[in-house]
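Here's the structure, in structure tokens; my notes come after.
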Amino acid sequence: MRWQYVLGFLLVWATLTAVNLHWLIDDWYKFSFNLVKSYDLFNRLINIDYAKDPSYFLVQAGLSGWLNFELFFGLLILACLSLKFAALLQVTPRPGVLDVAPYLLVLGFLHEGIQIRIAIALSIAIWAITFFSKNQRMLAFFILLLACTFHLSASAFFLVFLLFILYERFGLAVPALGIFSSGMLAYTTLVPDLLIRVGVATNARFLAYSQGIAFENQNSTGLFHYFVLFVIFLTGFVWRYYKPISSVWSNLYRIALTSGFLAIAILQIFRFNVVVSSRLADLLLLPVLLVLGATLTQLRSEKKYLPLWIMCLALIFYCAARAFISFNPVLFRTF
């Protein structure tokens, strides 16, 4: 069985690496790497902005003197996949195709390449989620802090953990208050105004998608609203069909539902900015997809083939549609 894991893993890695290097949607990564590579090690280190994703740029500074961009990018994808698969083994000692298919079809081609810093951050964050589900919460918080040094968006899982803890203490009052608060924030200008102010103060990259032509042309394909329905469908499917088999999986199930409902809320609150809302929702799908894999495996063992095939077809269709949009140079790449 081990050789099958190795073969499958290498096949996925080679495919994702080849696809992303061929299309290289975000060529900023190559530009940044080649710029840093032209410096000596001392200048590479002192020119890092340690307030923004410092761990990624430290890794880039350390390896750019030894590797070309293609090898560097391939190694990052390998590291991301290895960390995620190793974390999966902590809760599923003998994973099958159905356990990993939801992640690969929904996020794999997107994060392992197009958004590599987020991919690294999530590869570490999944360990935080795993340890949190095992009630090793302080360790989970420290690991999540490390993930945030690769990409700050991983901090969204601090809110997931906080909501989880509040639910343990106050019960249904927490999701009820969350739904009410989300509804209020979705129909005021507080969040848009705050997002712009934070972006200006920190010179954040998302400002490029918050104004000008990129902002005006967002959702040019009109598919963003279908993405919202897709996230609702995934979260609802896990809620309806998954039956936790242990205390760890019971915690993972509740983390997944918390993260899924938060993703839905963010898609509504930040719907004025497709890039910000969709990217936050994407990363919050990580625990949903982890539990969805277990759900599909469970449905197969229970011989409930109709919901199993419905979900598999939905995942394949989504992957094909999202890949076409992402890798088609004619279409605007943010929906």
Return yes if a side-chain donor-acceptor contact under 3.5 Å exists between W13 and T17, otherwise no.
-> yes

From the list L252, T92, V100, side-chain contact (heavy atoms from CB on, under 4.5 Å) with L290 holds only for L252

[X]: side chain to side chain contact (heavy atoms under 4.5 Å, CB included) partners, not counting sequence neighbours:
{"X": "L45", "answer": "L41, I48, Y50, L58, A61"}
{"X": "V97", "answer": "none"}
{"X": "Y305", "answer": "K303, L308, W309"}
{"X": "K243", "answer": "Q298, E302, K304"}

Do R279 and F270 meet the cation-pi criteria used here (NZ or CZ under 6.0 Å from the six-membered ring centre, within 45° of the axis)?
-> no

Give me each pair satisfying salt bridge (Lys or Arg N to Asp or Glu O under 4.0 Å) with a member in [range], each pair once, sequence neighbours excluded.
{"range": "residues 138-153", "value": "none"}
{"range": "residues 57-81", "value": "K30-E70"}
{"range": "residues 139-153", "value": "none"}
{"range": "residues 5-20", "value": "none"}

Considering only heavy atoms from C-beta outward, does the side chain of [X] approach that of [Y] to under 4.5 Å?
{"X": "F170", "Y": "L177", "result": "no"}
{"X": "F132", "Y": "N251", "result": "no"}
{"X": "V106", "Y": "V288", "result": "no"}

Single-linkage hydrophobic cluster, 4.5 Å side-chain cutoff, F57 and V36 together | no

Is L35 reachable from I46 through a run of hydrophobic residues whose side-chain heavy atoms are each under 4.5 Å from the next?
-> no

Donor-acceptor contacts under 3.5 Å from residues 147-169 side chains, at least two apart:
residue	atom	partner	partner atom	Å
T149	OG1	S55	OG	2.6
T149	OG1	L146	O	2.5
H151	ND1	S153	N	3.3
H151	ND1	S153	OG	2.7
S155	OG	L152	O	2.7
E168	OE1	R137	NH1	3.0
E168	OE1	R137	NH2	3.2
E168	OE2	R137	NH2	2.9

Assess whether atom CZ of F233 is packed by more than 12 heavy atoms of other residues, nucleotides or ligands within 6.0 Å.
-> yes

Atom CD of Q60 and atom CG of D53: how far apart are they, to the nearest 0.5 Å?
-> 11.0 Å

Residues in ring pair (Phe, Tyr, Trp, His ring centres under 6.0 Å) with F33, at least two apart?
-> F69, F72

Co-members of L11 in a cluster of I, L, V, M, F, W and Y side chains, linked at under 4.5 Å = none

Full working for side chain to side chain contact (heavy atoms under 4.5 Å, CB included) between L315 and L292 | CA-CA 11 Å; L315 292 174; L292 179 58; 4.3 Å; yes

Could you list the residues that satisfy salt bridge (Lys or Arg N to Asp or Glu O under 4.0 Å) with R300, not counting sequence neighbours?
-> none

